[in-house]
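Read the structure below first, then the notes.
In this text the structure is predicted, and so the values were computed from the model without any measurement. Every chain is numbered from 1, with letters handed out A, B, ... down the list of sequences.
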Amino acid sequence: MEVTKSSRIPSFIREAVEEDLRTGRFTYVRTRLPPEPNGYLHIGHCKAFLIDYFTAKEFGGELYLRFDDTNPAKEETEFVEAIQEDAAWLGIKWDKVTFASDYFDLLYEWAVKLVKMGLAYVDDQSQEEMSANRGTLPKGTKWSETEAAVRPGVDSPWRNRSVEENLDLLERMKNGEFPEGSRVLRAKIDMAHPNILMRDPVMYRIMHVPHHRTGTKWHIYPMYDWSHGQNDSMEGITHSLCSNEYIIHRPLYEWFIEKLGIFPSRQIEFSRLNLTYAMMSKRKLRKLVESGIVRGWDDPRLTTLRGLRRRGVPPEAIIEFVTGLGETKNDSWVEMAQFEAVIRDVLNKTALRRMAVLKPLKLVIDNYPDDLVEEMDAINNPEDPAAGTRKVPFSKVLYIEQDDFREVPPPKYFRLFPGNEVRLRYAYLVKCTHVVKDEKGNITEVHCTYDPATRGGDAPDGRKVKATIHWVSAQHAVRAEVRLYEQLFTVERPDEGELDEILNPNSLEVLSDCLVEPSLSNSAPGERFQFERVGYFCTDPDSRPGQPVFNRTVTLKDSWAKIESKLK
RNA sequence: UGGGGCGUGGUGCAACGGCAGCACACCAGACUUUGGAUCUGUGGAUCUUGGUUCGAGUCCAGGCGCCCCAGCCA
């Protein structure tokens with residue numbers, strides 16, 4: 001199977017798959033998405049999802065979406081729906097939806113088989129005893145600052161029970177005869193193994209908790225290590241792609257495959273995505289939502305898929321970003337700026353341009369006829385001629401951006417100021433004559449004159465202006481709410497900080513008196529625009545007909561802001 | 001004083017023994033009816049010490065640094 005150069009998957013994974021196909025280790029490719037249904041998808045999950053998806057796709061294989069629902073105490077059906085919805089929005093297509101719980105019966109049979117082989121046993125030790133008998137790591141690790149040397153584990157007193165007794169106890173564990181925590185089934189490997197995961201790992205624990213799919217049938221539930229790899233085998237998954245934290249699990253993954261003689265799925269690891277300023281911790285994400293710090297799982301400041309979607313980030317941008325990162329096994333932190341650059345790139349090519357004034361300042365053209373209204377031709381997207389043009393109404397009284405006028409201009413400022421001429425986009429050249437102030441000295445109106453010969457924005461005499469500003473016609477403009485977002489956190493690695501110390505108090509600014517051009521009046525939620533010279537925006541579901549609400553996705557690059565900040 | 005993984009500009013990736021390249025960021029400039037986009041240019045990196053080799057980011061040996069692992073979580 002040949003894969004094109006424009007591969008969307010990491011080269012070291014592609015090479016491994018190609019090799020497996022070439023050597024005949026596998027004759028087909030099948031991958032799996034393994035979400036645990038206990039939370040919403042975020043940008044970090046996308047990486048694994050996309051790698052699994054594109055690996056299957058590029059090799060003409062299949063992708064299964066398999067929910068890892070082995071812990072009924074934490075999981076809910078709600079998330080099963082949400083995850084599928086979000087993954088579908090991203091553009092991922094799968095061939096089949098399965099659940100770890102689909103395989104509970106077969107898995108149990110395999111456990112019985114291991115018991116019969118003398119490779120698993122029921123342990124009656126308490127959790128504390130088990131932990132104490134597992135041995136220790138040396139000092140210098142985060143678990144053991146002062147503790148002495150490595151200590152191997154010691155065998156459980158129950159380690160050498162007879163097969164018959166183990167079989168009986170396991171059966172009764174399954175039937176719910178014992179209290180939670182009283183017994184577990186363990187694989188019998190090696191309590192002195194240097195890899196702690198191999199020191200007789202727990203396979204089943206007792207939980208008298210109803211499961212969202214199997215109800216009250218089971219009183220024991222499998223641990224990750226005794227489920228995931230077995231499910232991979234049962235489903236004929238060829239490549240089980242996961243993050244680096246599972247590297248240490250691989251020997252155990254392979255131990256079960258070998259002892260059971262089952263289909264030899266291959267686990268390959270890659271580094272997870274770390275994005276600066278993004279919250280990935282499930283626990284903290286939940287806290288943000290439940291405490292009301294953000295508006296919900298789809299708050300546009302969150303890097304959940306739902307948040308990104310509401311914010312206006314197109315799925316293609318996420319795909320471009322993630323697949324464009326390249327991949328190694330290195331621990332890495334990607335800068336949010338890189339994500340934003342991709343978002344701008346995609347939106348620049350696709351978003352329709354509109355004029356919107358966020359902080360309005362009245363502009364009166366004194367020599368323009370009082371009742372005249374002209375329809376100006378405006379280009380919808382200079383990057384895409386096929387997007388066509390539209391008409392925008394123009395009249396004597398307009399609103400412009402407060403930032404676009406200065407009574408006393410700083411150096412290099414070439415927008416509107418008394419005596420200066422600028423272009424009103426797609427309209428006329430206007431020259432500022434004077435301002436009107438209220439009793440407090442605030443500017444309430446800017447007055448100017450226009451040059452009737454410059455309709456459309458070009459001067460017949462060839463004179464140039466250094467700035468073009470956007471505007472809306474006062475009598476035609478639609479009032480809108482605009483929500484401006486900044487980073488939710490003040491630190492690059494919010495997962496590592498205390499929530500109340502790292503929140504950016506200015507992460508949300510709501511502007512309720514914005515004025516936008518009439519064509520935006522009935523924009524549908526999810527529509528994305530570039531408000532010229534301001535940024536990219538997406539219509540929010542809170543919008544009502546004639547009362548649109550917009551979320552700022554990202555700003556435009558603002559070179560004036562840079563100049564201005566240097567002046568200070 | 002365990003086991004495992006990883007070290008290339010500020011950040012993320014390339015270079016599979018042969019001129020260290022790309023993107024983002026940064027800086028300078030050109031162009032512009034978006035101070036957008038586009039274009040051009042500058043600066044800046046192989047963790048370290050040895051070894052092998054005509055030649056090492058790459059191979060070998062030793063250091064150093066960072067990350068992961070003692071849930072009946074996944």
Provide the distance between the two [atom1] atoms, one in [N] and one in [M], to the nearest whole Å.
N: B:rU52; M: B:rA28; atom1: C1'; result: 45 Å
N: B:rC47; M: B:rG55; atom1: C1'; result: 23 Å
N: B:rU42; M: B:rG21; atom1: P; result: 12 Å
N: B:rC26; M: B:rU11; atom1: C1'; result: 12 Å
N: B:rA56; M: B:rC39; atom1: P; result: 37 Å
N: B:rU58; M: B:rA15; atom1: C1'; result: 9 Å

Subject >> Parallel, tilted or perpendicular: ring planes of A:F49 versus A:H45, cut at 30 and 60 degrees >> reply: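 Correct class here is perpendicular.
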Original post:
Which class fits the ring pair A:F79 and A:Y40: parallel under 30°, tilted 30 to 60°, perpendicular over 60°?
Top reply: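 The rings of A:F79 and A:Y40 stand perpendicular, inter-plane angle above 60°.
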Original post:
Under the 3.5 angstrom rule, does the side chain of A:R423 hit a backbone N or O of A:G457 as a donor-acceptor pair?
Top reply: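 Side chain of A:R423 to backbone of A:G457: a pair is present.
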Subject >> Side chain A:Y413, main chain A:F405, donor-acceptor under 3.5 Å >> reply: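 Indeed, once roles are kept as given, a pair shorter than 3.5 Å links the two residues.
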**OP:** Could you provide the dot-bracket string of RNA chain B, using ( ) for intrastrand pairs, [ ] for crossing pairs and | for bases paired to another strand, with Watson-Crick or G-U pairs below 3.5 Å?
**Re:** .((((((..((((....[..))))..((((.......)))).....(((((..]....))))))))))).....
Subject >> With A:F321, the side chain to side chain contact (heavy atoms under 4.5 Å, CB included) member among A:V313, A:L275, A:V346, A:L50 >> reply: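 Exactly one option meets the side chain to side chain contact (heavy atoms under 4.5 Å, CB included) with A:F321, and it is A:L275.
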**OP:** Working to the nearest 0.5 Å, report the span between CD of A:E19 and CZ of A:R266.
**Re:**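 Rounded to the nearest 0.5 Å, the CD-CZ separation comes to 6.0 Å.
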**OP:** May I ask you to verify if any side-chain N or O of A:S227 is less than 4.0 angstrom from the OP1 or OP2 atom of B:rA74?
**Re:**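 No, no such contact exists.
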Original post:
Below 4.0 angstrom from OP1 or OP2 of B:rA28, is there any side-chain N or O of A:K562?
Top reply: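 No, outside the criterion.
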Subject >> Side-chain ion pair, A:E374 and A:R455, N-O less than 4.0 Å >> reply: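 A salt bridge links A:E374 with A:R455.
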**OP:** Please name the pair of heavy atoms, one in A:M279 and one in A:T303, separated by the smallest distance, quoted to 0.1 Å.
**Re:**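 Shortest heavy-atom separation between A:M279 and A:T303 comes out as O-OG1, 3.8 Å.
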Original post:
Are a donor atom and an acceptor atom from the side chains of A:E76 and A:H212 found within less than 3.5 Å of each other?
Top reply: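 Absent: no donor and acceptor within the cut-off.
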**OP:** In whole angstrom, give the distance that lies between atom CD1 of A:I248 and atom P of B:rC69.
**Re:**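 Taking atom P of B:rC69 as the reference, CD1 of A:I248 is at 8 Å.
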Original post:
Where along residues 179-200 of chain A does a heavy atom fall under 4.0 Å from RNA chain B?
Top reply: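 By residue number: A:G181, A:V184, A:P194, A:I196.
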